[in-house]
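Residue numbers begin at 1 in each chain, while the letters A, B, ... track the order of the sequences.
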Amino acid sequence: MPELPEVETIRHGIEPHLLGRTITDVAVREPRLRWPVPAGLSEALTGQPVEAVARRAKYLLLITPAGTVILHLGMSGSLRVVAADTPPQAHDHVDLCLNDGRALRLRDPRRFGSLHWTREDPGQHQLLRELGPEPLDDALTGDDLYRRSRGRRASVKAFLMDSRIVVGIGNIYASEALFEAGIHPGRAAGRIGPQRYRRLVTAIQTVLGRAIEAGGTTLRDFTRADGRPGFFRQALRVYGRAGQPCACGGAIRQRVIAQRATYFCPRCQR
DNA sequence: AATCGCGCCTGACGGC
DNA sequence: TGCCGTCAGGCGCGAT
């Protein structure tokens, strides 16, 4: 499931294939994604050069002079750059055809992903407007998290996964960052001090940075634009390791916190 | 205002 | 072997 490191890996992978290329056609074989793929995309995009391939939170932004394609990969979405005449397989829902005979192909078996089109500033789009800071920017500080967590009784894990607080952290990296910071995922967000929030921000940045360097985490179906898996799975310290020993000698536990499977070491995390 | 629970969807997996 | 029920999981939305 693509979280921030996986989306950043995809962005980096597709960027050289798109930058400066012109869109020659858009083929929508299955418009029923999380929201319907807008009609008239081909008319809007044909002839447009791709000026930039950007990312905001877990959204990919394909920026053209006429507007921006906003893409979310949901749980199972992937992007490949293929020869445009490659026969589409099951769940290959959308092709953006390029003027070099290739196409950017969106596959999404579970169809939790989405594709939006806006002619306005994408930052003002409904889906992006209310998002919190990027975790890898200096904009995110421990003092901010501390301030915004006051009075919150929900778990720090739920707090971290709230995209209005900070974006890009999903189920895997929430467990990993909290382990790295030595904070128990079930602790109420409002009962953690400023020092520990500063440590948490450092942990988030360390974990996400390392995951990006490794090309993301492949659990089952994540692949990069060229089809290779990511290699961060073997570097995961707690996620998916219930019952295995932590470095401290204790056993890693699994529990449902914030409605999701959560992994932690009860000895290292308080 | 914060929090919770739902629903979208398919493939994998386990039990019988 | 094959069928079927269950679950995972991002995230917006409505209910509380």
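As judged by a 4.0 angstrom heavy-atom cut-off over every strand, A:L127 is placed among residues touching the sugar-phosphate backbone only.
Contact annotation: A:Q259 side-chain N/O to B:dG5 OP1/OP2 distance is under 4.0 Å. Between A:R260 and C:dC7 there is no side-chain polar atom (N or O) within less than 4.0 angstrom of OP1 or OP2. Distances shorter than 4.0 Å separate some side-chain N or O of A:Y59 from OP1 or OP2 on C:dG12. For A:R110, no side-chain nitrogen or oxygen approaches OP1 or OP2 of B:dC8 to under 4.0 Å. For A:H72 and C:dG12, the shortest distance from a side-chain N or O to OP1 or OP2 is not below 4.0 Å. Checking the phosphate oxygens (OP1, OP2) of C:dC11, a side-chain nitrogen or oxygen of A:K58 falls inside 4.0 Å.
The distance from atom CD1 of A:I165 to atom P of C:dG10 is 18 Å, rounded to the nearest whole Å. With rounding to whole Å, A:L33 atom CG is found 15 Å from C:dG12 atom C1'. Distance CG (A:D92) to C1' (B:dT10): 15 Å, rounded to an integer number of Å. Atom-to-atom, CZ of A:R164 to P of B:dC4 comes out at 12 Å; the value is rounded to the nearest Å. C:dG10 atom P lies 13 Å from atom CG of A:L4, rounded to whole Å. As a whole-Å value, the separation of A:R129 CZ from C:dG12 P is 12 Å. In this entry the distance linking CD1 of A:I70 with P of C:dG12 reads 12 Å, nearest Å. Here the P atom of nucleotide B:dA2 and the CZ atom of A:R148 are 8 Å apart, to the nearest Å.
Mapping A:A158 and A:R34 onto DNA chain B by nearest heavy atom places A:A158 closer to the 5' end of the strand. Comparing A:D108 and A:R153 by the nucleotide of DNA chain B that holds the closest heavy atom to each, the one mapping nearer the 5' end is A:R153.
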Just distance, no hydrogens or angles: give the donor-acceptor pairs under 3.5 Å from side chains in residues 155-162 of chain A, sequence neighbours left out.
unit_1, atom_1, unit_2, atom_2, d
A:S155, OG, A:A158, N, 3.1
A:K157, NZ, A:N171, OD1, 2.6
A:K157, NZ, A:I257, O, 3.2
A:K157, NZ, A:T262, OG1, 2.8
A:D162, OD1, A:R164, N, 2.9
A:D162, OD1, A:R164, NE, 3.1
A:D162, OD2, A:R164, NH2, 3.0

Could you walk me through whether A:E134 and A:R56 pass the salt bridge (charged side-chain N to carboxylate O under 4.0 Å, His left out) test, one step at a time?
-> CA-CA 8 Å; A:E134 289 286 328; A:R56 172 74 173 107; 2.9 Å; yes
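Between A:Y59 and A:H72, the two ring planes are perpendicular [angle over 60°; tilted spans 30° to 60°].
Side-chain proximity of A:N171 to B:dA2, B:dT10, C:dG10: nearest is C:dG10.
Stacking of A:F112 onto the six-membered ring of B:dC8 is present: less than 5.5 angstrom between centres, less than 30° between planes.
In this structure, A:R150 contributes its side chain and A:Y146 its backbone to a donor-acceptor pair below 3.5 Å.
For A:R29 and A:D95, the salt-bridge test passes: some basic side-chain N is under 4.0 Å from an acidic carboxylate O.
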